[in-house]
Amino acid sequence: MTTGCLFCRIVSRDIPAAVVYEDEQILAFDDINPQAPVHTLVIPKLHLSSIAETTPEDAPLLGQLIRVGSQIARDKGVAETGYRLVANTGRHGGQSVLHLHLH
């Protein structure tokens with residue numbers, strides 16, 4: 001955990017969130033400033049700054065992030081009509097919180 005990281009503080013429950021999924025490695029919660037009718041963030045509990053910081057050893061975790069995102073889309077009723085899973089990376093990629101996350 002990185003103490004100054006907003007998402008790490010959500011993982012540690014220092015900041016409340018509308019959690020929609022949790023397991024040992026992943027936490028998913030609804031965005032407090034949604035940019036779409038359904039806007040959920042899926043994050044690893046382990047602090048990784050971005051996709052660019054991942055290594056081959058992180059492949060199972062990355063796969064689990066995508067699987068959870070897909071399950072949440074089904075749970076929220078948007079899987080059949082379509083959805084996006086997006087990982088912004090770095091400042092020029094639009095990443096505003098430096099903790100790996102899928103929208």
Side-chain angles (χ1 to χ4, degrees):
M1 181 173 112
T2 302
T3 57
C5 173
L6 173 66
F7 289 171
C8 286
R9 293 182 65 209
I10 290 172
V11 169
S12 68
R13 301 303 204 265
D14 292 338
I15 296 175
V19 173
V20 298
Y21 177 89
E22 183 172 15
D23 66 25
E24 289 183 12
Q25 297 181 327
I26 294 175
L27 185 72
F29 51 93
D30 290 330
D31 194 306
I32 62 168
N33 185 25
Q35 303 299 304
V38 175
H39 191 167
T40 301
L41 302 176
V42 184
I43 69 169
K45 289 182 175 180
L46 171 70
H47 182 85
L48 294 167
S49 293
S50 72
I51 288 279
E53 187 178 305
T54 63
T55 66
E57 290 77 27
D58 296 313
L61 175 63
L62 296 172
Q64 179 72 348
L65 286 171
I66 293 169
R67 190 201 64 73
V68 168
S70 178
Q71 180 62 51
I72 291 169
R74 285 190 296 279
D75 293 347
K76 291 191 173 244
V78 297
E80 289 189 25
T81 56
Y83 61 96
R84 295 182 309 149
L85 292 176
V86 178
N88 299 331
T89 304
R91 184 170 54 97
H92 292 293
Q95 186 177 8
S96 59
V97 177
L98 295 179
H99 185 119
L100 172 62
H101 59 284
L102 299 181
H103 294 261

Modelled atom types, side-chain donor and acceptor of Gln35 and Asp31, under 3.5 Å = no
ask   = So, His101 and His103: side-chain donor and acceptor under 3.5 Å apart, yes or no?
value = yes
Looking at side-chain heavy atoms only, is the closest gap between [X] and [Y] below 4.5 Å?
| X | Y | result |
| --- | --- | --- |
| Leu27 | Arg13 | yes |
| Leu102 | Val86 | no |
| Cys8 | His99 | yes |
| Asn33 | His39 | no |
| Ile72 | Val78 | no |
| Phe29 | Ile10 | yes |

key: Test side-chain contact (heavy atoms from CB on, under 4.5 Å) applied to Lys76 and Asp30, step by step   = CA-CA 11 Å; Lys76 291 191 173 244; Asp30 290 330; 2.8 Å; yes
ILVMFWY network linking [X] to [Y], side-chain heavy atoms under 4.5 angstrom:
| X | Y | result |
| --- | --- | --- |
| Val20 | Val68 | yes |
| Leu6 | Ile32 | no |
| Leu62 | Tyr21 | yes |

key: Separation between CG of Leu41 and CZ of Phe7, rounded to the nearest 0.5 Å   = 5.0 Å
request  = With Leu100 as reference, evaluate Thr54, Leu46, Leu61, Val42 under the side chain to side chain contact (heavy atoms under 4.5 Å, CB included) test and give the passing residue.
outcome  = Thr54
request  = Decide, yes or no, whether a salt bridge links Glu24 with Lys45 under the criterion of side-chain N to carboxylate O below 4.0 Å.
outcome  = no
remark   = Sorted by chain and number, sequence neighbours left out, side-chain hydrogen bond (donor to acceptor under 3.5 Å, both in side chains) with Asp58 holds for Thr55
request  = Check the pair Leu65, Gln25 against side-chain contact (heavy atoms from CB on, under 4.5 Å), reporting the backbone distance first and the verdict last.
outcome  = CA-CA 9 Å; Leu65 286 171; Gln25 297 181 327; over 6 Å; no
remark   = Closest non-hydrogen contact found for Ala87 with Ile51 is CB-CG1, 4.0 Å
remark   = Between His47 and Ser49, the two heavy atoms sitting closest are NE2-OG, 3.6 Å
task = Please list, chain by chain and in numerical order, all residues satisfying ring pair (Phe, Tyr, Trp, His ring centres under 6.0 Å) with Tyr83, sequence neighbours excluded.
result = none
message = If you count heavy atoms of other groups shown closer than 6.0 angstrom to CG of Leu85, is the number above 12?
response = yes
message = Would Ile26 and Ile43 count as a side-chain contact (heavy atoms from CB on, under 4.5 Å) here? Give the steps.
response = CA-CA 6 Å; Ile26 294 175; Ile43 69 169; over 6 Å; no
